[in-house]
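Step one of this worksheet: look at the structure below.
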There are 2 protein chains.
Amino acid sequence: MYQNDSGAQAGDPRGGGGSKGARRREEILRATLRLIGERGTDSVTHRAVAEEAGVPLSATTYYFASKEELLEQTFMLAAREETERLERLVLELAPRSLTVGEWAAAVGGQLAGDVASEPAKHVALFELGLEATRRPQLREELQRWQDAHLRLAELGCRSIGSPEPETDALVIVATLTGLMLQQLAGGRTDFAEAVMRPALERLFERLAGGVPANA
Amino acid sequence: MYQNDSGAQAGDPRGGGGSKGARRREEILRATLRLIGERGTDSVTHRAVAEEAGVPLSATTYYFASKEELLEQTFMLAAREETERLERLVLELAPRSLTVGEWAAAVGGQLAGDVASEPAKHVALFELGLEATRRPQLREELQRWQDAHLRLAELGCRSIGSPEPETDALVIVATLTGLMLQQLAGGRTDFAEAVMRPALERLFERLAGGVPANA
DNA sequence: ATCGTTCTGGTACATTCGTGCCACTAGCTG
DNA sequence: CAGCTAGTGGCACGAATGTACCAGAACGAT
């Protein structure tokens, strides 16, 4: 039995990693993610996923005991990847002692770029986040995810000399979440420059202590 | 034919408003909202809605031509009500020239209270917002909704003397959205005091110009 | 080569789904 | 009264769904 053996996935899922079966498993998860983002959670059926992934119907029931499990695992994959990406960004930026304006530009640009280049993935993350509202197991994972975000934001806040890094991290994570949602819902192409950047510049600048971003 | 005649609903839907049929129509919409919030968009089927609303199956197809239309109308009902509620709050607070701390307490308390007392409704709003990502007609309504929020936030910003009310409104709406999402996902009972209030106090205080909230 | 496990791909089935249909009642207009 | 429209409620149908099942391929270990 391969099912329920969720501990076997590759730690490094780039290109050719993982055993043969693990790759197929991941293909299925990615297909699910694409479906959720493009056509909504309703459209996730074993058949639709199988077709999207290019595998026979039974492969989806082989790797995942039920539709519930399929959705859970999809969320965990997406959340893990997203956290890693964010982690890379912050850990790369933090030691450089940037100005607030540079932080805003870097974070905003990266975030808006990510959302714009993979909207389906981010829509799916929100959908799954809401799904987690109702499923205890997903809820736990979601909580871990939120905590990771908070820690990263706190790190950034300390790096710009925030006097209240914990509260500020709370505000920043909430704002970033809200902005991502706005970008997804609004669909404008100039979101990064027209909304995300100015909003973050203003926010970071004020939180840092009132120094104008371009001073 | 009653269908597609979406202009007929009551402007004042308390208790006994609207014609006989309009009340049933609204009952169906509210049942749908409850279902979405408690069991997710997937669980919205004609049969489930009918049972939840206490009407026969055919009533759902009589008042709404399709499942799509049912979801659209549900979103519009929820969005309209939510906007009205927010509008009432801001219009009541704005002329009172409150301090930033009072603003934070009022807005945060109200918002957290609303979310806590009707979590299903707010989950449903987010779900439908995501759905709007894919449906042009819903998207338009969502845009109007966002704009209303922005205008209200801008009004509040001017009332606390923000030097950049437009950008600040952007930040505030995004933050409130993110905080609501956090409250829904986290499920902690002390969210209002432990998270929402301090975050908003800090944010409002900084945006207003750096005066401590309790000064 | 032979065995056991992992994985594959096809098919079958009971259930649930959206929706169309129709006979019927309620309530108003003349 | 008749007649019309809005609204009601039960039922049926074809399509889609989750999932079980099974015969066999692939493949490492002995």
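Proteins get letters first, then strands, A, B, ... in listed order; numbering begins at 1 in each.
- Residue contacts for B:V49: at a heavy-atom cut-off of 4.0 Å it reaches no nucleic acid atom on any strand shown.
- Separating the CZ atom of B:R23 from the P atom of D:dT8 is a distance of 11 Å, rounded to the nearest angstrom.
- Put simply, OH on B:Y62 is 16 Å from C1' on D:dG10, counting in whole angstrom units.
- Each of A:E118, A:E51, A:E52 was checked for a salt bridge (Lys or Arg N to Asp or Glu O under 4.0 Å) with A:R34, and the lone residue meeting it is A:E52.
- Between the P atom of C:dT6 and the CZ atom of A:R25 lies a distance of 15 Å, rounded to the nearest Å.
- What separates CG of B:L57 from P of D:dA12 is a distance of 13 Å, to the nearest Å.
- Take the nearest nucleotide of DNA chain D for A:S58 and for A:T45: the residue whose nucleotide is more 5' is A:T45.
- Within the 4.0 Å cut-off from OP1 or OP2 of D:dG9, at least one side-chain nitrogen or oxygen of B:R24 is found.
- If you take NE2 of B:H46 and P of D:dT17, they are 16 Å apart, rounded to a whole angstrom.
- At whole-Å resolution of the value, CZ in A:F64 and P in C:dC7 are 12 Å apart.
- For the side-chain contact (heavy atoms from CB on, under 4.5 Å) with B:T32, the lone residue among B:L77, B:T60, B:V44, B:T41 that qualifies is B:V44.
- As a whole-Å value, the separation of A:L70 CG from D:dG18 P is 10 Å.
- Phosphate proximity of C:dT8 to A:Y63: present, with a side-chain N or O under 4.0 Å from OP1 or OP2.
- Between B:M196 and B:V107 there is no side-chain heavy-atom pair separated by less than 4.5 Å.
- On a pure distance criterion of 3.5 Å, a polar donor-acceptor pair joins the side chain of B:R47 and the base of C:dG18.
- Between A:R80 and A:E141 there is no salt bridge, since none of the side-chain N atoms of the basic residue sits less than 4.0 Å from a carboxylate O of the acidic one.
- In this entry the distance linking CD of B:E51 with P of C:dC17 reads 10 Å, nearest Å.
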